[in-house]
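Following: one structure in structure tokens, then a few remarks.
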Amino acid sequence: MTALPLSQRQRKWKKRSRWPPNSNGLYTRFDYSSVSLRYETYITQLEVLAKHRELVANELVNENLQRSSQTLRESPAMQNLSREIDIVSGSDLTVLLLGETGVGKEVIARIIHARSKRDDQPLVYLNCAALPDSLAESELFGHVKGAFSGATSDRAGKFELANGGTLFLDEVGELPLAIQAKLLRVVQFGEIQRVGSDKSHRADVRIIAATNRLLAEEVKVGRFRADLYHRLSVYPLHVAPLRERIVDIAVLSRFFLNQARARLGLERIDLSNDTLRTLENYSWPGNVRELEYVMLRAVLRASALRGRSLVLQPSDLDIGAELNKAIADDNSGLNGKSLTQLVDDYQRQIISTTFTESSENWAKTARSLGMDRGNLHRLVKRLGMK
């Protein structure tokens, strides 16, 4: 079919028309309904995906809060911590969580946020120890396009993302001194300035910080700013190590056993009395996190050997071998040593062996032991190995 030549009137109509020509050059009505349907389907799929991600996020938060209810249940130390959390959660005061690696400081931060008036707003997490010095400022405060090599567009920082909610600064003691000075102004006045921009704006953020360092000591030796320390420690909370919460070990162990049972599809898992005594006599240098992994490994090995219904025995555990042997040996008792001395001897042996295997490199030794390097140095000093 040959297209007819366009008259002047048709040419004017062509310019105003929303209908494109077909393959023959003729102008026909465009089917907007099919495009509309495709967009509607696409938007529906995005909504379903967003809803799924929201449900996953809620489930992860609920799991953490469920674990939190277990950690705050039994021991006097944790019951007292729970009361302190109730007091501070209703305010916007800055909280500093203090405690060893693995005691559950992130879980406590989530509890504080969940009990606060900001619970319907985001809780943004930032691990300060994992920040390269060159990117720390950008991660915290954001940057504008062209601020540095690789800044191809504007980017919001963690403070802006947490606006209206809570920002959790984990391992805040690892921040470089230069960044500490810039963080101080944000904490003090709530003013943020993106890297490469001369404009500042305010952010309504509640800060919860955490560290396994003794910040007061870090201030004395000049590794942490005194003014920032006082700004962050408006309401300090100490999370007790597991060895000071012996009564919690049974509750936490069974909680982790139930998690392992669900993951591995087992029928029944329980602890023998001897196993529980072994767990309670161990010093737990890795605290709650170490207990979780020990229970998971023990269940995995025991289920492979004994089936889907089992009771864990001391031999299933891979902790404190010398201590377990001393406890089980009724004739030898404790070899004239206290429980603390036995634990210290065992730690000295493990650290010494790992140090030798790591070519006498303390950083490599800390990584092999799964410990923070600062914590390892403090432990070595306490054990008289330096």
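Taking every heavy atom of both residues into account, S138 and H143 meet most closely at OG-ND1, 2.7 Å. The minimum heavy-atom distance linking I192 with A203 is given by the pair CD1-CB, 3.1 Å. Closest of all the heavy-atom pairs between V311 and R306 is O-NH2, 3.2 Å. Listed here is the closest heavy atom pair of H377 and W362: CE1-CG, 3.7 Å. The two residues D316 and A298 make their nearest non-hydrogen contact at O-CB, 3.5 Å. In plain terms, the two heavy atoms of P236 and L98 that are nearest each other are CB-CD1, 4.4 Å.
At least one donor-acceptor pair under 3.5 Å links the side chain of N163 to the backbone N or O of D204. Looking only at distances, a side-chain donor or acceptor of R348 sits under 3.5 Å from a matching main-chain atom of L383. Side-chain atoms of N361 come within 3.5 Å of backbone atoms of A363 as a donor-acceptor pair (strictly under, hydrogens ignored). Side-chain atoms of R245 come within 3.5 Å of backbone N or O of A240 as a donor-acceptor pair. Within the 3.5 Å criterion, the main-chain N or O of F355 finds no donor-acceptor partner in the side chain of S358. No side-chain donor-acceptor contact under 3.5 Å links D274 to the backbone of Q313.
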Does K117 form a side chain to side chain contact (heavy atoms under 4.5 Å, CB included) with D92? I'd like the steps, not just the answer. CA-CA 9 Å; K117 60 187 178 183; D92 273 343; 3.7 Å; yes

Just do the salt bridge (Lys or Arg N to Asp or Glu O under 4.0 Å) check on R254 and D270 with the steps written out, would you? CA-CA 7 Å; R254 290 191 167 91; D270 205 351; 3.7 Å; yes

Carefully, step by step, assess R83 and N80 under the rule side chain to side chain contact (heavy atoms under 4.5 Å, CB included). CA-CA 5 Å; R83 287 191 292 269; N80 181 63; 3.7 Å; yes

Check the pair T275 / T278 against side chain to side chain contact (heavy atoms under 4.5 Å, CB included), numbers first and verdict last. CA-CA 5 Å; T275 305; T278 301; 5.5 Å; no

Using the side chain to side chain contact (heavy atoms under 4.5 Å, CB included) rule, take F159 and L167 through it: C-alpha gap first, then chi angles, then the decisive distance, then the call. CA-CA 7 Å; F159 273 95; L167 177 60; 3.6 Å; yes

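With salt bridges taken as basic N to acidic carboxylate O contacts below 4.0 Å, one links R155 and E139. Between D86 and R115, at least one side-chain nitrogen of the basic residue sits less than 4.0 Å from a carboxylate oxygen of the acidic one, meeting the salt-bridge criterion.
L310 contributes atom CG, which lies 11.5 Å from atom CZ of R261 (distance to the nearest 0.5 angstrom). In this structure, CG in L266 is found 11.0 Å from CZ in R268, a value given to the nearest 0.5 Å. Put simply, OG on S253 and CG on L317 are 9.0 Å apart, with the number rounded to the nearest 0.5 Å. With values rounded to the nearest 0.5 angstrom, I249 atom CD1 is found 6.5 Å from W284 atom CH2. Atom NE2 in H238 sits 9.5 Å away from atom CG in L81 (nearest 0.5 Å). Going from atom CG of L175 over to atom CG of L126 covers 8.0 Å, rounded to the nearest 0.5 Å.
One hydrophobic cluster, built from ILVMFWY side chains closer than 4.5 Å, holds both I269 and L252. I246 and L242 end up in the same hydrophobic cluster when Ile, Leu, Val, Met, Phe, Trp and Tyr side chains are linked at under 4.5 Å. Linking ILVMFWY residues whenever their side-chain heavy atoms come closer than 4.5 Å, directly or via other members, places V239 and Y125 in the same cluster. In the hydrophobic clustering of this structure, I207 does not group with V234; members are Ile, Leu, Val, Met, Phe, Trp, Tyr whose side-chain heavy atoms approach within less than 4.5 Å, directly or through other members. Y293 and V107 fall into different hydrophobic clusters, where Ile, Leu, Val, Met, Phe, Trp and Tyr are joined by side-chain heavy atoms under 4.5 Å apart, directly or via other members.
The aromatic rings of Y229 and F224 lie perpendicular to each other, with more than 60° between the two planes, well past the 30° mark.
A side-chain hydrogen bond (donor to acceptor under 3.5 Å, both in side chains) with T166 is found for one member of H113, Q121, R118 and no other, namely H113. The side chain to side chain contact (heavy atoms under 4.5 Å, CB included) test with R231 singles out one residue from L184, L96, T94, L183, and that residue is L184.
For the pair N273/R277, a side-chain contact is recorded, criterion being any heavy-atom separation below 4.5 Å from C-beta on. Using a 4.5 Å cut-off on side-chain heavy atoms (C-beta onward), D318 and V294 make contact. Looking at L312 and V299, their side chains come closer than 4.5 Å, going by heavy atoms from C-beta outward. With a 4.5 Å cut-off on side-chain heavy atoms, L279 and L271 count as touching. In this structure the side chain of L237 reaches within 4.5 angstrom of the side chain of I112, judged on heavy atoms. I108 has its side chain out of reach of I208: every pair of non-hydrogen atoms, C-beta onward, lies at least 4.5 Å apart. Considering only heavy atoms from C-beta on, K105 comes within 4.5 Å of N212 through its side chain. Y235 has its side chain within reach of I87: a pair of non-hydrogen atoms, C-beta onward, lies under 4.5 Å apart.
Pairs of residues two or more places apart, or lying in two chains, that qualify as salt bridge (charged side-chain N to carboxylate O under 4.0 Å, His left out) and include a residue from residues 206-220 are E174-R213, R213-E218, E217-K220, E218-R223.
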